[in-house]
Asks: 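This is the structure, below, for whatever I ask next.
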Amino acid sequence: MNIPTKLPQIGQSIFTKMSMLATEYNAINLSQGFPDFDCADPLKKLVTHYMNEGFNQYAPSPGLPQLRQAIAKNAMQKYGVNCDEEDITITSGATQALFAAITCIVKPGDEVILIEPAYDSYKPVIQLAGGMARSYELSAPDYKIDWTAFAKFITIKTRLIIINNPHNPTGKVLEKEDLIQLQKLVQGTDIVILSDEVYEQMVFDGKEHWSVLRFPELRERSFITYSFGKTFHATGWKMGYCIAPPALTKEFRRVHQFIVFSVNTPIQYALANYITDPATFQGVSDMYEQKRNLFMEVTAGSRLKPIHCEGSYFMLFDYSDISDEPDTEFAIRMTKEFGVAAIPVSPFYSSKLDEKVIRLCFAKQDEVLRKAGELLCKM
Ligand code: PMP
Ligand code: GLN
């Protein structure tokens, strides 16, 4: 049978590949982004409680009202913005929110501007929707957006611009001025914004998270995606949500209902209860900032040059003092010979731009970071 693929350029994800290699070679896995520590016991107890109490059937398609109300309350507290439960849809991780947002808005022939290096789940969805991804490339070590150069990517066909803040893989955060520039660029157009903010709770050095929620003119044309998996160290639960104004939410839900209809009921009850206490997420940035600092300390004696991480749980390193191999080969050799698995950055670029940079995930227990530091210092 002939099965023509709809995604000819797509193979196995680099995260899967490197995690498998880490297991095969018994290496410390700093490749795929997930914590090696567990989520909180009280949260697990709540899930068990609601499961045992019989909350095991379909939730409403947009999500439980009490969870959406709790999210709205926290958005008010964190960002000082009004948010209606009707603007919020609970999704199966941010991945599903991204899929629904891109699918409901992009039509064949539309252009979507991506800022690369970019997380791997945007471009294939644009292609499945018949859209054309146009890549604006950032470079090491600053990865700063030049908004004048960016503006040249906007055409009459531009339907959507995707931003990711804090940024995977670079660990950079956008400044207020960046968002103001973006707002100016799209003023008076029909361009929609998709702002992927899954690392909103991981912003360091006293910086602020400039969520699109805080810019009313931007917000009225944006889908904003979040992940409970990231915030609560439960990536395997695949729980997230999307905030968007009513007209966009209406389109989003049209698609959402046919991807999953609704998501995990007992976990929604548990989260609705858990997040009513802001202490459950307020310490997350500090915890990760300490891990970032420890990781910087334990790698300081290595020949890897760190690229300063301002947010997320990823840190980039320039390895050009050690080797001039292509980054994927270097990441594979690191795993096999030095026992630490990394992610090369070139797969995050459509052009496969190779600037001799690797990404390491520091969402790991302190002793694991120390051990990884020792191994990295031997390279
Ligand atoms: N966006 C970015 C930038 C990510 O790094 C991730 C992590 N996998 C996701 C979205 C997906 O989040 P989730 O696991 O909630 O689907
Ligand atoms: N977001 C994770 C990362 O960037 C990977 C999740 C996945 O494997 N799809 O490493």
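When a ligand or atom number is given, it counts from 1 through the structure's own listing order.
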Asks: I'd like to know if M18 contacts ligand 2, where contact means a heavy-atom distance under 4.0 Å to any ligand atom.
Replies: no
Asks: Check this for me - ligand 2, Q32, N or O atoms closer than 3.5 angstrom, yes or no?
Replies: yes
Asks: Distance under 4.0 Å to a non-hydrogen atom of F15: what atoms of ligand 2 satisfy this?
Replies: 3 (C), 4 (O), 5 (C), 7 (C), 8 (O), 10 (O)
Asks: If every non-hydrogen atom of T103 is compared with every non-hydrogen atom of V125, which pair is closest and at what distance?
Replies: OG1-CG1, 3.7 Å
Asks: Give the contacting part of Y119 toward ligand 2: side chain, backbone, both or neither, where contact means a heavy-atom distance below 4.0 Å.
Replies: side chain
Asks: Which ligand 2 atoms does F314 reach within 4.0 Å, using its non-hydrogen atoms?
Replies: 3 (C), 4 (O), 10 (O)
Asks: Give me the ring orientation class for Y199 and Y313: parallel if the planes are under 30° apart, tilted from 30 to 60°, perpendicular past 60°.
Replies: perpendicular
Asks: Using the ring centroid of each side chain, check whether F37 and H233 are separated by less than 6.0 Å.
Replies: yes
Asks: Are the side chains of L316 and I358 in contact, using a 4.5 Å heavy-atom criterion?
Replies: no
Asks: Heavy atom to atom 2 (C) of ligand 2, shortest distance: which of S19, G33, A363 holds it?
Replies: G33
Asks: Report the relative orientation of the aromatic rings in F150 and F153; use parallel for angles under 30°, tilted for 30 to 60°, perpendicular for over 60°.
Replies: parallel
Asks: For ligand 1, what are the residues with a heavy-atom contact below 4.0 Å?
Replies: G93, A94, T95, L98, Y119, Y122, N164, N168, D196, V198, Y199, S227, K230, K238
Asks: With nothing but distance in play, are any N or O atoms of N168 less than 3.5 Å from an N or O of ligand 2?
Replies: yes
Asks: Taking the side chain from Y122 and the backbone from L98, do they hold a donor-acceptor pair closer than 3.5 Å?
Replies: no
Asks: Output the list of atoms in ligand 2 that are nearer than 4.0 Å to some heavy atom of K230, sorted by atom number.
Replies: 1 (N)
Asks: Just by distance, do the side chain of R159 and the backbone of D190 share a donor-acceptor pair under 3.5 Å?
Replies: yes
Asks: Enumerate the residue pairs fulfilling salt bridge (charged side-chain N to carboxylate O under 4.0 Å, His left out) with a member in residues 122-133, sequence neighbours excluded, ordered by first and then second residue.
Replies: none
Asks: Check the angle between the aromatic planes of F317 and F295 and answer parallel, tilted or perpendicular using the 30° and 60° thresholds.
Replies: perpendicular
Asks: Please test D178 against K172 for salt bridge (charged side-chain N to carboxylate O under 4.0 Å, His left out), starting from the C-alpha separation and ending with a verdict.
Replies: CA-CA 12 Å; D178 289 306; K172 298 295 178 194; over 6 Å; no
